[in-house]
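Reckoned from all heavy atoms, side chains included, excluding hydrogens, waters and symmetry mates. Just so we're on the same page: letters track the sequence lines, and every chain starts at 1.
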Amino acid sequence: MRRYIPKDIEPKWQNKWAQDQIYKAVDFDDKAKFVMLTEFPYPSGDGLHLGHTREYTLGDIIARHKRMQGMNVLYPMGYDAFGLPAENYAIKNNIAPQLATDENIAKFQKQFDSLGYSIDWSRSFKTTDPDYYKWTQWLFLQFFKAGLAYQKEISINWCPFCKTGLANEEVINGRHERCDTLVEKRLLKQWLLEITKYADRLIDGLSDVDFPSKIADQQINWIGRSVGAEISFKVADSDKIIEVFTTRTDTLFGVTFMALAPENPLVEIITTEEHRANVNSYVVASQAKSEIERQDVNRDKSGAFTGAYAINPLNNQPIPIWVADYVLSNYGTGAIMAVPAHDQRDFDFANNFNLPILRVVKNQEKDEDHTEDEGVLVNSGVYNGLPSQEARETILKDLIKTKQATEKVNYRLRDWIFSRQHYWGEPIPIIHCPEHGAVAVPDDQLPVVLPEVERYQPAEDGESPLASVESWINTHCPVCDQPAVRETDTMPNWAGSSWYYLRYFDPKNTEAFADRSKLDYWKNVDLYLGGMEHTTLHLLYSRFWHQFLYDQGLVPTPEPYMARRGQGIVLGADGAKMSKSKGNVVNPTEIIDNGYGADALRLAVVFLAPYDQTTIWSPESVAGTYRFLQRVWTLTHEFEDHKGNSKELESLEINRATHQVIKRVSEDLSTLDFNTPIAALMEYVNTLYKLKVKDEFASQSWPTAIEALIQLLAPFAPHIAEELWEVSGHEDSVHLSQWPKWDDKYLISDTARIVVQVNGKVRAELVVGVDSTEEDVVKAARDDQKIKAYLEGKEIKRVILVPNKLLNLVVG
RNA sequence: GGGCGGGUGGCGGAAUCGGUAGACGCGCUGGACUCAAAAUCCAGUGUUGGCAACAACAUGAGGGUUCAAGUCCCUCCCCGCCCACCA
């Protein structure tokens, strides 16, 4: 018998599949379509890592399974190639990022090929292709034309290491998520996309798609919709008004001070001469603090009194106005009404500065200094006695009547800062004309191709490297043809990935980002698998783009992804995140080349744990899955050698095992369980090993049993399955064969094993006829030697029978 | 502080509706084969007591509901992820 040597069969089949193009997705096919999407990789110099392998293997298993179920499957792959690592590499080695990127992609491609994925490579592209980013630019212009892309001078998060502005979502704990550098604030003119306009849609749309609650909740929290009121407070002895946002109008009588953010322009205006010096030095000190200092929750609350007072609109009491840097300038109005008795932060501040604390909500709990819980109003004039929730509405209504408040919804979500001061990104296709301002580059001049430059390093002052390319910058206004200059900022690395799935539907189109009829056929992604870390970045951004495109009538569905699943991270064997510095990185190519092969590796990364769970890599697991494949190999070959034997009747045992495993694998795959079907297949093979000793492959049930085994294994381990399929005499690919079906009639037995409990403890196991009556089962139990001993001298008080499963005798 | 997960053998993990806890794999132990080793095959493997049959205990801790709890309820502890001075 030939031995199982993966490297003898895997490249052979990979070539054959490529040659026969068996994984090609067909536009407009009559079969039902299924779009299986996994996040495309950034082609770094390190190549595919184990996390990629897990993600793409999972996608491949689903794609292959759906294909065998008769669907027209599109499983595409591309490269998200704009981004900082390539640029940093370019800066360091003075090599064009284009070249480094192409080298890396070649490396990735080789690894991809060695893993045997059923990807339709004819649809592949990279986001850095001018043919691709032409359409990224065109789509940006649709936002611009709809008024959703705008320029504004704002204080932004600035990474001093990368020398670029960052979106809110890219700052983690005051540091740039990519390089871990402390972020600074800088005032810069930036392009923004008005994602806040879609805040409600992004929340509401979640109810039409199948996202795990973990992901949906995270997006909802990130958007942070908060319903409340904007209330106007007059400043005493002044015509100025302070607007504040609050969700607790019911606590209005408990306001004992107001607080303005240091950046609030009113600070300058209302501060009295007496307090000016003090307030100024406080504001300067606050602004000198780093982001991380200002965001530290545990820090003592600081502030300064402005000398001014506001008037409470309900009782006309004067309220001192303070400046405090715990008030955020970019949320709400940059000013708050402070209710120390019912807000922890206001409470802390009041304690620091000996400001009064007035309880206006009373609740059951003992009289604490402050509570944020609901209760009944006290110290609130005519509103005393109202439940706080009701008071919230009543007071707001009254204030609206007197035009002192409006209903207001606030979001934590901020507009998406879309400018980067970098070379390696899509140029923003805008021309600045002295007369006409920002003008869109006309469609027939797209793409605005990224020019070659002398140096890739961004400038200290935040100018993009493109600013130094005179010949490129200087152009003419598309409206008036007067001299004008190009925008030099580029798009963030999230731009190209915001719509890439649509390009797979029609990757070569030069007239449109995708042909409408193809969009109508493929519609959207049926299942999208990716990392949890993209929940509030890529996944939110691309939903926003898609919803906008839907509103523009450019795509046929309101949501891009019908279902989303997030796969867990694979940690190193030491339990730490894999990283080069820790030396715990596992290279999938090494495992394949060590002789285990792609199939054993694929099984190992999937068998490890449920796909959505973070798990620790165990090097021995490949040995286990390799051993299993070897047993499948041996079994199949032994069967082939004994084929002549088959003359006996069917084996009920084999039939039952076969139909059981078909059922289990099918059902598990439909619920996206991938580790348990592999266990089921292992169990099945163990069973067949035992049964083969019995009948020497003589029963007529063997051919079906082996065939089912190979087919069920095919999505998981495509190479060995294809080889064994051929060995068993098939000429067509197993991957185009029809997924086996189980028949319940083989699963039914005429006997049932019943567990017998006495007082809830398992004491024996009985075999009785299926669907035996309670009377019969109890009788059988009474006759059982072991049970007899437990019933001795006792009376059966109660009998519980779970048909065909369990009998519990309660005795006493 | 808020949101969401989770805690089961030496390890990764199984366990529809509450119904035999520990499937499957790793590791370990013993045996077969071999001059020997590797590979392979077979058997065993939660803990405690016992030669054994068997019994008791056992799913983070404590209580409860139930004929029956890993699963449901209450109280608490611990771990992970995400967000965080968002009014």
Side-chain angles (χ1 to χ4, degrees), chain A residues 3 172-173 212-222 224-226 228 244-248 251 259 261 294-299 301 324-328 330-339 342-346 348-349 372 410-414 532-533 535-536 566 568-569 603-604 607-610 612-625 627-628 630-631 634 664 667 671 673 675-686 689-690 693 753-765 786 797-802 805-812:
Chain A
R3 285 185 54 211
I172 309 288
N173 293 330
S213 61
K214 188 177 180 171
I215 292 174
D217 289 350
Q218 247 179 64
Q219 291 204 342
I220 290 167
N221 284 341
W222 183 263
R225 184 182 147 98
S226 168
V244 302
F245 174 73
T246 181
T247 55
R248 295 294 302 268
T251 62
R294 273 190 73 166
Q295 281 175 5
D296 184 2
V297 187
N298 301 316
R299 182 169 62 100
K301 298 275 180 293
D325 65 6
Y326 79 92
V327 180
L328 304 173
N330 57 356
Y331 182 75
T333 60
I336 59 160
M337 59 176 228
V339 189
H342 304 291
D343 183 281
Q344 178 69 50
R345 295 152 301 177
D346 299 346
D348 294 343
F349 189 90
E372 299 187 4
N410 258 318
Y411 303 91
R412 305 155 59 137
L413 184 70
R414 311 289 146 85
M532 285 303 298
E533 70 274 19
T535 301
T536 54
I569 306 167
L603 282 177
F607 184 55
L608 215 52
D612 55 354
Q613 195 172 305
T614 300
T615 188
I616 296 171
W617 173 249
S618 137
E620 295 80 23
S621 65
V622 201
T625 52
R627 213 167 288 161
F628 162 66
Q630 214 163 7
R631 282 164 72 82
T634 305
R664 279 176 72 183
E667 288 182 347
T671 51
D673 289 304
N675 54 336
T676 46
I678 296 173
L681 286 167
M682 287 172 167
E683 230 177 308
Y684 180 53
V685 169
N686 292 345
Y689 260 68
K690 290 200 176 79
V693 179
R753 288 150 48 110
I754 291 200
V755 170
V756 183
Q757 298 181 336
V758 178
N759 286 341
K761 296 209 171 195
V762 178
R763 296 301 182 189
E765 201 176 281
K786 278 189 222 153
K797 291 184 165 170
R798 202 172 153 188
V799 175
I800 291 115
L801 178 73
V802 182
K805 229 175 187 175
L806 179 136
L807 175 75
N808 190 8
L809 301 172
V810 184
V811 303

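Within 6.0 Å of CZ on Arg753(A) lie no more than 12 heavy atoms contributed by other residues, nucleotides or ligands.
Using atom P as the reference point in both rA56(B) and rG70(B), the two lie 16 Å apart (nearest Å). The same atom, C1', is picked in rA69(B) and in rA58(B); the two are 14 Å apart, to the nearest Å. Between rA53(B) and rU45(B), the distance separating the two P atoms is 11 Å to the nearest Å. When the P atom is compared between rA14(B) and rG60(B), the two are found 15 Å apart, to the nearest whole Å. Only the C1' atoms considered, rC85(B) is 22 Å distant from rC81(B), to the nearest whole Å. Comparing rG19(B) with rC26(B), their C1' atoms are spaced 30 Å from each other, to the whole Å. Annotation: rC76(B) and rG7(B) have their C1' atoms spaced 14 Å apart (nearest Å). When the C1' atom is used for both rC78(B) and rA61(B), the distance is 10 Å, rounded to whole Å.
Ring geometry for Phe349(A) against Tyr326(A) counts as tilted: the plane angle lies between 30° and 60°, on a 0 to 90° scale.
Residue contacts for Gln344(A): at a heavy-atom cut-off of 4.0 Å it reaches no nucleic acid atom on any strand shown. Residue Arg763(A) is in sugar-phosphate contact alone, with no base atom involved, counting any heavy-atom pair closer than 4.0 Å across all strands shown. Across all strands shown, Asn686(A) has heavy atoms under 4.0 Å from sugar-phosphate atoms exclusively, and none from any base. Looking at heavy-atom distances under 4.0 Å, Gly224(A) makes no contact with the nucleic acid at all. Using a 4.0 Å heavy-atom cutoff across all strands shown, Gln630(A) reaches sugar-phosphate atoms only and no base atom. Residue-level contact check: Leu806(A) touches the bases, meaning some heavy atom is under 4.0 Å from a base atom. As judged by a 4.0 angstrom heavy-atom cut-off over every strand, Asn221(A) is placed among residues touching the sugar-phosphate backbone only. Residue-level contact check: Ser621(A) touches neither bases nor backbone, having no heavy atom under 4.0 Å from any strand. If you check every strand for non-hydrogen atoms under 4.0 Å, Val802(A) touches a base. No engagement by Ser618(A) is indicated, since no non-hydrogen atom pair under 4.0 Å with the nucleic acid exists. At a threshold of 4.0 angstrom between heavy atoms, the contacts of Asp346(A) with the nucleic acid are absent. Within 4.0 Å of Val339(A), counting heavy atoms only, lies no atom of the nucleic acid at all.
Of the candidates rG13(B), rA55(B), rC26(B), rC26(B) carries the atom nearest the Glu620(A) side chain, counting heavy atoms from C-beta on. You'll find that the side chain of Ser213(A) is closest to rG5(B), out of rU20(B), rG5(B), rC42(B). Between rG13(B), rU40(B), rA87(B), one nucleotide has an atom nearer to the side chain of Arg627(A) than all others, and that is rU40(B). With rG5(B), rC57(B), rG12(B) as the candidates, the nucleotide lying closest to the side chain of Lys761(A) is rC57(B). The side chain of Gln218(A) lies closest to rC82(B) when the candidates are rA23(B), rC85(B), rC82(B). Across rC4(B), rC41(B), rU40(B), the shortest atom-to-atom separation from the side chain of Arg631(A) is found for rC41(B). In the set rG13(B), rC24(B), rA87(B), the nucleotide with an atom closest to the side chain of Pro610(A) is rG13(B). Of the candidate nucleotides rG12(B), rA87(B), rC4(B), rA87(B) has the atom nearest to the side chain of Tyr331(A). The nucleotide whose nearest atom lies closest to any side-chain atom of Leu608(A) is, among rG13(B), rC67(B), rG12(B), rG12(B). Counting only heavy atoms from C-beta on, Phe245(A) has its side chain closest to rA87(B) among rA87(B), rA56(B), rC24(B).
Contact between Asp346(A) and Val339(A) at its shortest, heavy atoms only, is OD2-N, 2.9 Å.
Pair assignment for rU45(B): rG27(B), on the basis of Watson-Crick or G-U wobble contacts that are both within less than 3.5 Å. In a base pair of the Watson-Crick type (N1 to N3 plus N6-O4 or O6-N4) or a G-U wobble (N1-O2 and O6-N3), with each distance short of 3.5 Å, rG50(B) is matched with no nucleotide. In this entry rC81(B) has rG3(B) as its Watson-Crick or G-U wobble partner, both defining distances falling under 3.5 Å. With a 3.5 Å ceiling on both atom-pair distances, rC33(B) lacks any Watson-Crick or G-U wobble partner. Using the Watson-Crick or G-U wobble rule with both distances under 3.5 Å, rC76(B) pairs with rG60(B). Under the Watson-Crick or G-U wobble criterion, with both distances below 3.5 Å, rU71(B) has no partner in any strand shown.
In this structure, the side chain of Asn410(A) does not engage the main chain of Ser226(A) through any donor-acceptor pair within 3.5 Å. Checking side-chain atoms of Tyr689(A) against main-chain N and O of Arg631(A) turns up a donor-acceptor pair under 3.5 Å. For Glu372(A) (side chain) and Gln344(A) (main-chain N/O), a donor-acceptor pair under 3.5 Å exists by modelled atom type.
Side-chain atoms of Lys797(A) and base atoms of rC67(B) include no donor and acceptor less than 3.5 Å apart.
Asn759(A) places its CG atom 11 Å from the P atom of rC67(B), with the value rounded to the nearest Å.
Classified by its glycosidic torsion, rG10(B) falls in the anti category, the angle being over 90° from 0. Syn is the classification of rC17(B), since its glycosidic angle stays within 90° of 0.
By the 4.5 Å heavy-atom criterion applied to side chains, Asn675(A) and Leu608(A) are not counted as neighbours.
Thr536(A) has no side-chain polar atom (N or O) that falls below the 4.0 Å cut-off from OP1 or OP2 of rC82(B). Taking side-chain N and O atoms only, Arg412(A) has no distance below 4.0 Å to OP1 or OP2 of rC82(B).
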Yes or no on side chain to side chain contact (heavy atoms under 4.5 Å, CB included) for Ile336(A) and Tyr331(A), after CA distance, side-chain angles and deciding distance?
CA-CA 10 Å; Ile336(A) 59 160; Tyr331(A) 182 75; over 6 Å; no
